Enquirer: 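If you scroll down you'll find the structure; I have some questions about it.
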Amino acid sequence: MAHYDLEEQEQLDSLKTWWKMYGNLLTSLVLAASLAVIGWQAWNWYQNGQAAKAAAVYGALEQALQSGDAQRIKAAAGELTEKHASTHHALLGAMQAAQFSFSSGDLKTAKAQLNWVVDNGKDEIRDLARLRLAAILLDDQAYDTASGVLGGGFPPAFAVRQQELLGDIHAAQGKKSEAKAAYRSALEKSVDKPGAGRELLQQKLDALGEAA
C-alpha cells in the first residue's frame, strides 16, 4: 500500500510542478477560448436580432409599396439602409423603393437609392442597379456619368442591356460610329435570344443609317 501512496505522491508532486510552470498559461488559454465562444455566441445573437428587425422593416416597406404611400416607402427604405445596411433586406428594399421613386417621377430619390445599391451591393443586384441607374442618367441627359456607370464588366445575363444602353447614350450624343458598334455588339450577344428585343436593337441600328 505504501508503494502506491508513494507513487501517488510523486505524481501529485509532478502535477504541482507542472502547474507552477504552465498553470497561468493554461488558465489564460482557457479564459481566452471561453471569451471567444461567448463573443461568437453574442455576435450570432446580435446578427440574428438585426436580421429579424430588418425583416420587420422590410415587411413594412412592402405594405407601403402595395398602398403606394410614398412617405412610408421612403422612411422604411431609409431605415433599412441606415440601420440595417449589411442585410440583404436593405439592398432589396432600396431597389424596390428606387423603382417606385422612378415611377413616381422622383428621379433624384431614385438615383440616390440606386447609387446606394451600387456602392453597397455585389454580384447580380449591384449590376442590375448599375443598369437602372444608367438608364435614369440617360433620361436625365447625364451622358458621361451614365457611361461611367456602365464601365467595367457585366455578367452575360446583363451584357446585352449594357451594350444597348451604351448605344443609346452614344446615339444621344451624336456619336453614330460608337452607337453602331454598341448596337452590333448587343445583337451579337443576343444571337440566342430571338424576339422583340433583337428586333428593337436592329431598328435602332438601322435608324443610324449606313454612314458613320
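A quick note: this is a predicted structure, and the numbers were derived from the prediction, not measured.
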Enquirer: Evaluate the side-chain contact (heavy atoms from CB on, under 4.5 Å) criterion for residues Val57 and His89: first the C-alpha distance (whole Å), next the side-chain angles of each, then the deciding distance (0.1 Å), finally the verdict.
Expert: CA-CA 9 Å; Val57 178; His89 290 100; over 6 Å; no
Enquirer: When rounded to the nearest 0.5 angstrom, what is the spacing between CD in Glu178 and CD1 in Ile169?
Expert: 12.0 Å
Enquirer: Cut-off 3.5 Å, no hydrogens considered: what does the side-chain donor-acceptor table look like for residues 60-67, sequence neighbours left out?
Expert:
{"unit_1": "Ser67", "atom_1": "OG", "unit_2": "Gln63", "atom_2": "O", "d": "3.3"}
{"unit_1": "Ser67", "atom_1": "OG", "unit_2": "Ala64", "atom_2": "O", "d": "3.1"}

Enquirer: How far does OH of Tyr58 sit from CG of Leu92, to the nearest 0.5 angstrom?
Expert: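 Going from the OH atom of Tyr58 to the CG atom of Leu92 covers 5.0 Å.
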Enquirer: Could you tell me which non-hydrogen atom of Ala110 sits nearest to which non-hydrogen atom of Ala98, and how far apart they are?
Expert: CB-O, 3.6 Å
Enquirer: For residues 125-132, dump all side-chain donor-acceptor pairs below 3.5 Å to protein atoms at least two apart in sequence or in another chain.
Expert:
{"unit_1": "Arg126", "atom_1": "NE", "unit_2": "Val118", "atom_2": "O", "d": "3.1"}
{"unit_1": "Asp127", "atom_1": "OD1", "unit_2": "Arg130", "atom_2": "NH1", "d": "3.0"}
{"unit_1": "Arg130", "atom_1": "NE", "unit_2": "Val149", "atom_2": "O", "d": "3.2"}
{"unit_1": "Arg130", "atom_1": "NH1", "unit_2": "Gly153", "atom_2": "O", "d": "3.3"}
{"unit_1": "Arg130", "atom_1": "NH2", "unit_2": "Val149", "atom_2": "O", "d": "3.4"}
{"unit_1": "Arg130", "atom_1": "NH2", "unit_2": "Gly151", "atom_2": "O", "d": "2.4"}

Enquirer: How far does CG of Leu107 sit from CG of Leu137, to the nearest 0.5 angstrom?
Expert: 9.5 Å
Enquirer: Taking only residues two or more places apart in sequence, or in another chain, which ones meet Thr109 in a side-chain contact (heavy atoms from CB on, under 4.5 Å)?
Expert: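 Thr109 satisfies side-chain contact (heavy atoms from CB on, under 4.5 Å) with Lys74, Ser101, Asp106, Gln113 once adjacent residues are dropped.
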Enquirer: Examine distances only and state if a side-chain atom of Asp140 and a backbone atom of Ile136 form a donor-acceptor pair shorter than 3.5 Å.
Expert: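 No: the side chain of Asp140 does not pair with the backbone of Ile136.
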Enquirer: Which distance, rounded to the nearest 0.5 Å, do you find between the CZ of Arg184 and the CG of Leu208?
Expert: 9.0 Å
Enquirer: At their closest point, which heavy atom of Phe158 faces which heavy atom of Glu124, and how far apart are they?
Expert: CE1-O, 3.6 Å
Enquirer: Applying the 4.5 Å side-chain criterion to the ILVMFWY set and letting contacts propagate, would Leu166 and Tyr183 be lumped into a single cluster?
Expert: no
Enquirer: Applying the 4.5 Å side-chain criterion to the ILVMFWY set and letting contacts propagate, would Val117 and Phe102 be lumped into a single cluster?
Expert: yes
Enquirer: Identify the heavy atoms of Gly93 and Ala77 that sit nearest to each other, and give their distance.
Expert: O-CB, 4.4 Å
Enquirer: Taking it one step at a time, do Gln71 and Asp69 satisfy side-chain contact (heavy atoms from CB on, under 4.5 Å)?
Expert: CA-CA 6 Å; Gln71 287 299 105; Asp69 190 329; 3.8 Å; yes
Enquirer: Between atom CZ of Arg198 and atom CG of Leu205, what is the distance when rounded to the nearest 0.5 Å?
Expert: 11.0 Å
Enquirer: Can you list the residues that meet the salt bridge (charged side-chain N to carboxylate O under 4.0 Å, His left out) rule with Asp139, with sequence neighbours excluded?
Expert: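 For Asp139, no residue satisfies salt bridge (charged side-chain N to carboxylate O under 4.0 Å, His left out) once neighbours in sequence are set aside.
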Enquirer: If you round to the nearest 0.5 Å, how far is CH2 of Trp116 from OG1 of Thr81?
Expert: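 So the gap between those two atoms works out to 6.0 Å.
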Enquirer: Please check this pair: side chain of Ser104 against backbone of Phe100, looking for a donor-acceptor N/O pair closer than 3.5 Å.
Expert: yes
Enquirer: Nearest heavy-atom pair of Gly121 and Leu91: which atoms, and what distance?
Expert: CA-CD2, 3.7 Å
Enquirer: Which atom names give the shortest non-hydrogen contact between Ala146 and Ala134, and what distance separates them?
Expert: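 Looking at all heavy atoms of both residues, the shortest contact is CB-O, 3.8 Å.
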Enquirer: Taking only residues two or more places apart in sequence or in another chain, which ones pass salt bridge (charged side-chain N to carboxylate O under 4.0 Å, His left out) with Lys204?
Expert: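 For Lys204, the residues satisfying salt bridge (charged side-chain N to carboxylate O under 4.0 Å, His left out) (neighbours in sequence not counted) are Glu164, Asp168.
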Enquirer: Report the residues that fulfil side-chain contact (heavy atoms from CB on, under 4.5 Å) with Ala135, sequence neighbours left out, ordered by chain and then residue number.
Expert: Arg161, Leu165
